[in-house]
2 protein chains.
Amino acid sequence: MSSEQIKISTRDKILESAIRLFAEKGFSGTTTREIAEKAGVNEALIFRYFSTKRDLYSAIIERKISEEPGFEYPLEAFKETRDDWLIFKSIAIRMFDCVEKDPCFIRLLYFSALEGHELSDMFFDTYVQYQRMLLSDYIERRISEGAFKNVNPVLAARAFIGMVINYILVQEIFGEKKRRKIKREEVADTFVKIFLEGIKNN
Amino acid sequence: MSSEQIKISTRDKILESAIRLFAEKGFSGTTTREIAEKAGVNEALIFRYFSTKRDLYSAIIERKISEEPGFEYPLEAFKETRDDWLIFKSIAIRMFDCVEKDPCFIRLLYFSALEGHELSDMFFDTYVQYQRMLLSDYIERRISEGAFKNVNPVLAARAFIGMVINYILVQEIFGEKKRRKIKREEVADTFVKIFLEGIKNN
DNA sequence: TATAATATTAAGTAATCACTTACTTACTCT
DNA sequence: AGAGTAAGTAAGTGATTACTTAATATTATA
């Protein structure tokens with residue numbers, strides 16, 4: 001046998017199928033039996049690796065919180081550059097990327113918030129708050145440099161992130177994904193353009 | 001007895017408690033027994049008025065779809081006025097109002113979408129699509145009048161609605177409601193300002 | 001190969017689920 | 001008052017839930 005068989009651990013098989021099911025149907029909507037079936041393992045094994053169903057769910061959220069790099073931004077650029085277009089476009093594109101390569105992610109995030117999981121706040125903070133802070137710091141600096149209008153920087157950051165996230169959410173969660181297809185590039189450019197011209201002085 | 005006793009019908013008591021519970025915990029997270037307890041009626045009565053739990057859920061969504069006027073906008077204004085500020089601000093304020101007077105609404109909307117209820121598309125269309133269409137038609141006209149930049153009107157409408165909805169969503173669904181309190185007025189003004197100055201010519 | 005440790009399984013558990021049944025109470029109309 | 005209908009209830013139904021147990025299969029180490 002030339003090809004190495006990469007053995008996926010049982011634990012990982014369980015996690016993988018649980019992620020997909022929890023993302024699809026939420027915590028209450030998913031049964032441990034389904035998870036086991038989809039993972040191709042015996043249901044009892046779930047409870048060998050995770051003490052409860054809720055524990056498995058928590059493990060997933062913790063993993064999602066820690067695995068995503070999320071902070072790949074050129075942090076220095078945020079503190080020094082004046083290339084507004086680059087900053088905002090890279091944030092938008094990164095959000096599109098994030099959802100595209102892991103469609104479960106955003107559903108897990110919103111399900112965990114709606115279902116009131118204890119870790120959902122941390123989940124939220126890690127992603128949304130962090131980006132918002134990065135952006136609002138940048139906006140604040142640009143205001144003090146006289147480049148941006150004097151608006152509440154946090155509100156402005158939320159405005160921009162809101163445009164992008166809501167667009168993504170509607171595509172992913174409501175049926176719109178199939179209906180219309182606008183290129184990410186055009187979406188990002190339009191949003192950045194409207195926002196930047198709205199906030200810039202002159 | 002001087003005060004008239006207003007008798008709430010059993011059916012309405014069931015609907016009322018079901019709305020609150022489905023909004024709080026979703027469809028799968030809510031049991032018919034809980035609904036009955038909260039409504040103060042016998043569980044079997046639920047099935048006298050609604051043939052299944054899913055039927056009750058559908059009845060709620062249908063009710064939410066039909067009850068909200070939602071279309072109270074001065075439709076003529078959208079077709080004739082050039083008061084951009086009024087148009088956008090009234091949309092934003094209306095969205096804030098809608099959520100404030102019925103906090104269950106937005107949670108039901110997103111829960112039904114995530115849980116994949118068959119009526120969630122109609123739910124979505126009635127509210128989000130409708131407002132988006134109103135707005136994008138207005139934007140389109142203003143572009144043709146030379147007042148707005150030549151952007152994709154649907155994308156622009158989604159940008160604006162996204163700002164507002166996402167702000168609301170974060171307040172209502174993630175824990176932020178308690179943390180910070182920015183006045184609706186300031187939020188709406190900031191969003192409208194950024195958006196309008198971003199899309200206006202000159 | 002023998003043994004200890006681990007991984008996996010079938011077959012359970014009690015509790016809870018949505019939903020039903022058989023029955024009683026309350027109200028309406030003549 | 002009495003018949004007919006609607007509203008309400010207690011006590012169930014079988015199916016399914018998350019989770020357990022005790023026995024077996026597999027692997028690692030000696």
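A note on names: the letters A, B, ... follow the listed sequences, proteins ahead of strands, and every chain is numbered from 1.
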OP1 or OP2 of dA10(D) less than 4.0 angstrom from a side-chain nitrogen or oxygen of Asn42(B), does that happen here? yes
Which part of the nucleic acid does Thr30(A) contact within heavy-atom distance under 4.0 Å: base, sugar-phosphate only, or nothing? sugar-phosphate
Rounded interatomic separation in angstrom, taking CG from Leu45(B) and C1' from dT25(C): 13 Å
Specify the residue among Glu43(A) and Arg48(A) whose closest nucleotide of DNA chain D lies further upstream toward the 5′ end. Glu43(A)
Atom-pair distance (NZ on Lys13(B); C1' on dT9(D)), nearest Å: 14 Å
Quickly work out the Ile14(B) CD1 to dT9(D) P distance and round it to whole Å. 11 Å
Respond yes when some side-chain nitrogen or oxygen of Tyr49(A) is under 4.0 Å from OP1 or OP2 of dT8(C), and no when none is. yes
Please name the pair of heavy atoms, one in Arg82(B) and one in Glu145(B), separated by the smallest distance, quoted to 0.1 Å. NH2-OE2, 3.3 Å
Is the shortest side-chain N/O distance from Tyr57(A) to OP1 or OP2 of dA18(D) below 4.0 Å? no
Measure from the side-chain heavy atoms of Ala44(A) and tell me the nearest of dC19(C), dA18(D), dT21(D). dT21(D)
Gap between atoms CZ and P, on Arg11(A) and dT6(C) respectively (whole Å): 16 Å
Side chain proximity check, Tyr138(A) to Thr81(A), heavy atoms < 4.5 angstrom: yes
Nearest-Å distance for atom pair CZ/P, residues Phe50(A) and dT8(C): 13 Å
Among the candidates dT20(D), dT9(C), dT17(D), find the nucleotide nearest to the side-chain atoms of Arg33(A). dT17(D)
Here the distance between atom P of dA15(D) and atom NZ of Lys53(B), to the nearest Å, is 19 Å
Compare all side-chain heavy atoms of Tyr57(B) with those of Thr30(B) and state whether any distance is below 4.5 angstrom. no
Would you mind reading off the distance between Ile35(A) atom CD1 and dC19(D) atom C1', rounded to a whole angstrom? 13 Å
Write down the distance between CD1 (Ile46(A)) and C1' (dT9(C)), rounded to a whole number of angstrom. 14 Å
To check you understand the geometry: which heavy-atom pair defines the closest contact between Ile60(B) and Ala18(B), and what is its length? CD1-CB, 3.6 Å
Should Thr10(A) be listed as having a side-chain N or O under 4.0 Å from OP1 or OP2 of dT8(C)? yes
Given Lys64(A), which of Leu108(A), Leu119(A), Leu109(A), Thr126(A) fulfils the side chain to side chain contact (heavy atoms under 4.5 Å, CB included) condition? Leu108(A)
Minimum-distance nucleotide to Phe47(A) side chain [options: dA10(C), dA18(D), dT21(C)]: dA18(D)
